[in-house]
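Naming convention: chains lettered A, B, ... in sequence-line order (proteins, then strands); numbering from 1 in each chain. Bear in mind the structure is a predicted one, so any value in this text is a computation, not a measurement.
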Amino acid sequence: MSFFDNKYIQQRIEKADALKAEGINPYANDSARNTTIDKFLNVNSDLAHAETKRDESRHYCVAGRIKFFRVMGKASFLKIEDESAMLQVYVTRDNLPEGFYNNVFKKQIEVGDIIEVEGFPFVTNQGELSLHVDGFKLLTKAIAPLPEKFHGLTDKEMRYRQRYLDLIMNSEVRKTFKIRSQIISLTRRFFEDKGFLEVETPMMHPIAGGANAKPFVTHHNALGVDRYLRIAPELYLKRLIVGGFEAVFEINRNFRNEGMDATHNPEFTSIEFYWAYKTYKDLIALTKEYFEYLFDHLKLPALLPYGEMEVDFSKFTEIPLIESLSAIGGVPEIIVHDKEKMLVYLRENGFEVSDSLNVGQLQGEMFDAFVEEKLINPTFITMYPVEISPLARRNDANPALTDRFELFIAGREIANAFSELNDPIDQLGRFEGQLEAKAGGDEEAHEMDEDFVRALSYGMAPTAGQGIGIDRLVMLLTNEHSIRDVLLFPAMKPLKHEMNPSDEDEEE
RNA sequence: GUCUCGUUAGCUCAGCUGGUAGAGCACGUCACUUUUAAUGAUGUGGCCGUUGGUUCGAAUCCAACACGGGACACCA
């Protein structure tokens with residue numbers, strides 16, 4: 001059964017055919033629109049206070065999709081919507097060509113169609129600024145009916161799979177994606193203004209590196225080799241620092257072949273930036289400035305709700321990870337350096353932990369268990385144990401710790417940053433350790449990237465680098481709780497009738 | 001990956017302890033020249049997610065599967 005077999009669609013196809021028979025193109029080629037709806041509403045808002053409530057000397061042509069259709073005999077009220085706003089238009093039989101109102105307008109036009117109307121502004125008895133129509137043209141016939149006008153489209157599956165329909169029916173969804181676009185645009189401008197250079201590094205990698213994650217594999221036919229969709233741009237961006245660029249950033253997609261849930265999509269957007277001659281402390285200052293910049297330009301209040309929480313963005317604090325365990329997590333101070341005591345404490349509190357974990361890993365577990373969810377206001381957690389920070393530089397004063405921070409907001413990690421490891425021999429050793437882990441069955445362990453080590457061996461200036469998950473940032477700033485609500489086309493499982501392209505023999 | 005809830009008309013949803021399917025919106029027809037989810041009258045519209053089982057009989061009970069939501073685990 002095809003989509004078009006539906007009786008409602010058949011009915012609308014018949015209307016389109018009837019229009020063609022009457023010499024009206026249901027898919028017009030051009031539009032004479034000369035203003036948008038929000039401009040129309042702004043420019044004519046004075047009529048609300050005018051004596052006559054109308055001004056026939058003004059004339060506009062607007063266009064949009066019909067969302068409401070109210071026929072009252074020889075007059076009708078429609079609501080049409082364009083990207084900017086919704087407008088009520090008043091259509092009467094006597095203001096249109098002979099026969100058009102009864103034979104075309106009432107019979108062939110319906111909710112969902114895209115039309116163009118011209119006329120003059122007036123205010124109705126109910127006080128709504130509207131357009132008094134004296135010219136009507138169908139631009140596009142919709143042969144599929146829209147969802148119900150009051151409840152709209154609420155089925156999440158359909159909203160994600162048919163996002164166009166979601167955008168038609170739910171104007172607040174459009175708002176969310178406008179904010180997303182603004183955030184990316186502002187981010188780009190912020191870093192450019194700071195002197196960073198935007199670069200594009202490969203998305204098809206011979207070696208998947210820069211993060212612990214399973215990659216997607218694709219195949220290059222001409223070369224006869226497999227390629228990995230990148231899991232992080234990190235190693236390429238650092239090569240650029242070696243090459244002499246001193247501040248670079250890249251905003252784009254990463255791909256990770258892992259599960260999907262409310263905070264994970266197989267492809268996600270991040271910004272990574274690297275800054276030579278700086279340390280993670282400079283990045284803390286930069287990050288605060290970045291948030292101020294975003295809040296300022298997005299005109300967001302410093303007190304922002306997120307679900308049940310209220311986040312105060314005027315209060316950024318900073319605390320070393322181990323200190324946070326007792327100060328915030330309430331863990332007795334005497335146990336946070338003792339492996340056995342931490343094991344007992346975690347198990348007493350219902351967490352399953354393996355005996356094989358070392359002190360640094362256990363401190364990480366303790367943080368996840370007792371601290372993370374309590375970090376509502378923006379908090380920089382600093383000085384991570386070296387065991388859980390394979391790419392970060394050791395702290396000069398305490399080599400068990402690293403010059404690293406993660407930023408937590410509303411109980412979630414938003415950014416990860418550190419002073420970069422730039423000792424090539426140390427880096428080589430860490431890659432070798434990863435190879436052992438991989439041989440031992442860790443599918444997410446890093447692969448050896450000899451060229452990256454070679455690059456470092458030419459000398460990389462002391463550099464600080466940071467990554468921010470853009471999707472999660474957008475979630476935070478738009479009070480959305482599923483990553484699918486900030487991605488226009490989130491990944492979905494294939495439907496039964498959708499064939500896997502690899503099962504077909506089609507070639508272009 | 002595990003647990004849990006859901007899937008009924010184009011859309012939003014009812015449908016009890018099993019007895020051949022209901023409403024509102026939309027759509028068709030009629031009335032109506034200032035309505036606001038317009039209103040009134042009337043009509044059309046269903047492989048009850050898929051497959052199997054129990055039963056004289058299944059939208060309803062059971063099982064498996066598919067897709068989706070939520071939670072947990074891993075990650076960003």
Arg180(A) and side chain to side chain contact (heavy atoms under 4.5 Å, CB included): which partner among Leu488(A), Thr478(A), Asp471(A), Leu473(A)?
Asp471(A)
Does the ring center of Tyr280(A) lie less than 6.0 Å from the ring center of Tyr384(A)?
no
Please find out if less than 6.0 Å separates the ring center of Phe120(A) from that of His59(A).
no
If you only use heavy atoms from C-beta on, which nucleotide in rG68(B), rU35(B), rC11(B) is closest to the side chain of Leu153(A)?
rC11(B)
Ranking rC13(B), rC32(B), rC11(B) by distance to the side chain of Met72(A), first place goes to rC32(B)
cation_pi(Arg239(A), Tyr236(A)) dist<6.0 Å, angle<=45:
yes
Could you tell me how far apart [X] ([atom1]) and [N] ([atom2]) are, to the nearest whole angstrom?
X         : N       : atom1 : atom2 : value
Lys106(A) : rG28(B) : NZ    : P     : 12 Å
Leu87(A)  : rU36(B) : CG    : P     : 17 Å
Ile168(A) : rC11(B) : CD1   : P     : 14 Å
Asp166(A) : rG68(B) : CG    : P     : 16 Å
Asn6(A)   : rC47(B) : CG    : P     : 10 Å
Lys74(A)  : rC30(B) : NZ    : P     : 13 Å
Lys493(A) : rG68(B) : NZ    : P     : 5 Å
Phe68(A)  : rU39(B) : CZ    : C1'   : 16 Å

Output yes when at least one side-chain N/O atom of [X] is less than 4.0 Å from OP1 or OP2 of [N], else no.
X         : N       : result
Gln126(A) : rU34(B) : no
Arg161(A) : rG68(B) : yes
Arg70(A)  : rU35(B) : no
Lys79(A)  : rU35(B) : no
Lys156(A) : rG68(B) : no

Specify the closest pair of heavy atoms between [X] and [Y], including all atoms of both residues, with the distance to one decimal.
X         : Y         : answer
Ile183(A) : Leu294(A) : O-CD2, 4.3 Å
Arg58(A)  : Asp55(A)  : NE-OD2, 2.7 Å
Met158(A) : Leu165(A) : SD-CD2, 4.5 Å

Residues from [range] sitting under 4.0 Å of RNA chain B, heavy atoms only?
range                       : result
residues 108-125 of chain A : Glu110(A), Phe122(A), Thr124(A), Asn125(A)
residues 250-258 of chain A : Arg256(A), Glu258(A)
residues 128-152 of chain A : Glu128(A), Pro147(A), Glu148(A), Lys149(A), Phe150(A), His151(A), Gly152(A)
residues 481-492 of chain A : Arg484(A), Met492(A)

Among all residues two or more places apart in sequence or in another chain, which pass the side-chain hydrogen bond (donor to acceptor under 3.5 Å, both in side chains) test with Asn212(A)?
His446(A)
If each of Lys15(A) and Asp261(A) is mapped to the nucleotide of RNA chain B with the nearest heavy atom, which maps nearer the 5' terminus, i.e. the 5' end?
Lys15(A)
Between Tyr160(A) and Thr269(A), which has a closest nucleotide on RNA chain B that is more 5'?
Tyr160(A)
Any chance you could encode RNA chain B as dot-bracket? Rule is Watson-Crick or G-U wobble with both distances under 3.5 Å; [ ] for pairs crossing earlier ones, | for another strand.
(((((((..((((.....[..)))).(((((.......))))).....(((((..]....))))))))))))....
Which residues satisfy the ring-ring contact (aromatic ring centres under 6.0 Å, His included) test with [X], sequence neighbours excluded?
X         : value
Phe268(A) : none
Phe100(A) : Phe136(A)
Phe255(A) : none

Taking the [atom1] atom of each, how far is [N] from [M], in whole Å?
N       : M       : atom1 : value
rG6(B)  : rC74(B) : C1'   : 26 Å
rU60(B) : rG22(B) : C1'   : 15 Å
rU50(B) : rG40(B) : C1'   : 43 Å
rG69(B) : rA31(B) : P     : 48 Å
rC47(B) : rU8(B)  : P     : 12 Å
rC3(B)  : rC16(B) : P     : 28 Å

Applying side chain to side chain donor-acceptor pair (under 3.5 Å) as the test, list every pair that has at least one member in residues 116-126 of chain A; sequence neighbours left out.
Ser31(A)-Glu116(A)
Can you name the side-chain contact (heavy atoms from CB on, under 4.5 Å) partners of Asn252(A), sequence neighbours left out?
Met203(A), Arg230(A), Glu250(A)
Without placing hydrogens or testing angles, list every side-chain donor-acceptor pair under 3.5 Å for residues 66-74 of chain A, not counting sequence neighbours.
{"unit_1": "Lys67(A)", "atom_1": "NZ", "unit_2": "Glu81(A)", "atom_2": "OE1", "d": "2.7"}
{"unit_1": "Lys67(A)", "atom_1": "NZ", "unit_2": "Ile168(A)", "atom_2": "O", "d": "2.8"}
{"unit_1": "Arg70(A)", "atom_1": "NH2", "unit_2": "Gln88(A)", "atom_2": "OE1", "d": "3.3"}

Report the C-alpha separation of Arg174(A) and Glu83(A) in whole Å, then their side-chain angles, then the decisive distance to 0.1 Å, and conclude whether the salt bridge (Lys or Arg N to Asp or Glu O under 4.0 Å) test is met.
CA-CA 9 Å; Arg174(A) 284 207 299 269; Glu83(A) 188 184 330; over 6 Å; no
Looking at the base of rU35(B), is there any donor atom on it, or on the side chain of Gln88(A), that sits under 3.5 Å from an acceptor on the other one?
yes
Paired with Phe316(A), the ring-ring contact (aromatic ring centres under 6.0 Å, His included) test is passed by just one of Phe291(A), Phe408(A), Tyr290(A), namely Phe291(A)
Under the criterion ring-ring contact (aromatic ring centres under 6.0 Å, His included), which of Phe273(A), Phe191(A), Phe190(A) is the partner of Phe249(A)?
Phe191(A)
Across the strands shown, which category fits Asn416(A) at heavy-atom distances under 4.0 angstrom: base, sugar-phosphate, nothing?
nothing
Contact class for Gly469(A) vs. all strands (heavy atom < 4.0 Å): base, sugar-phosphate, or nothing?
nothing
Residue pair Val486(A) / Ile179(A), side-chain heavy-atom distance below 4.5 Å:
no
For Glu128(A), is there any backbone N or O sitting under 3.5 Å from a side-chain donor or acceptor partner on Ser130(A)?
yes
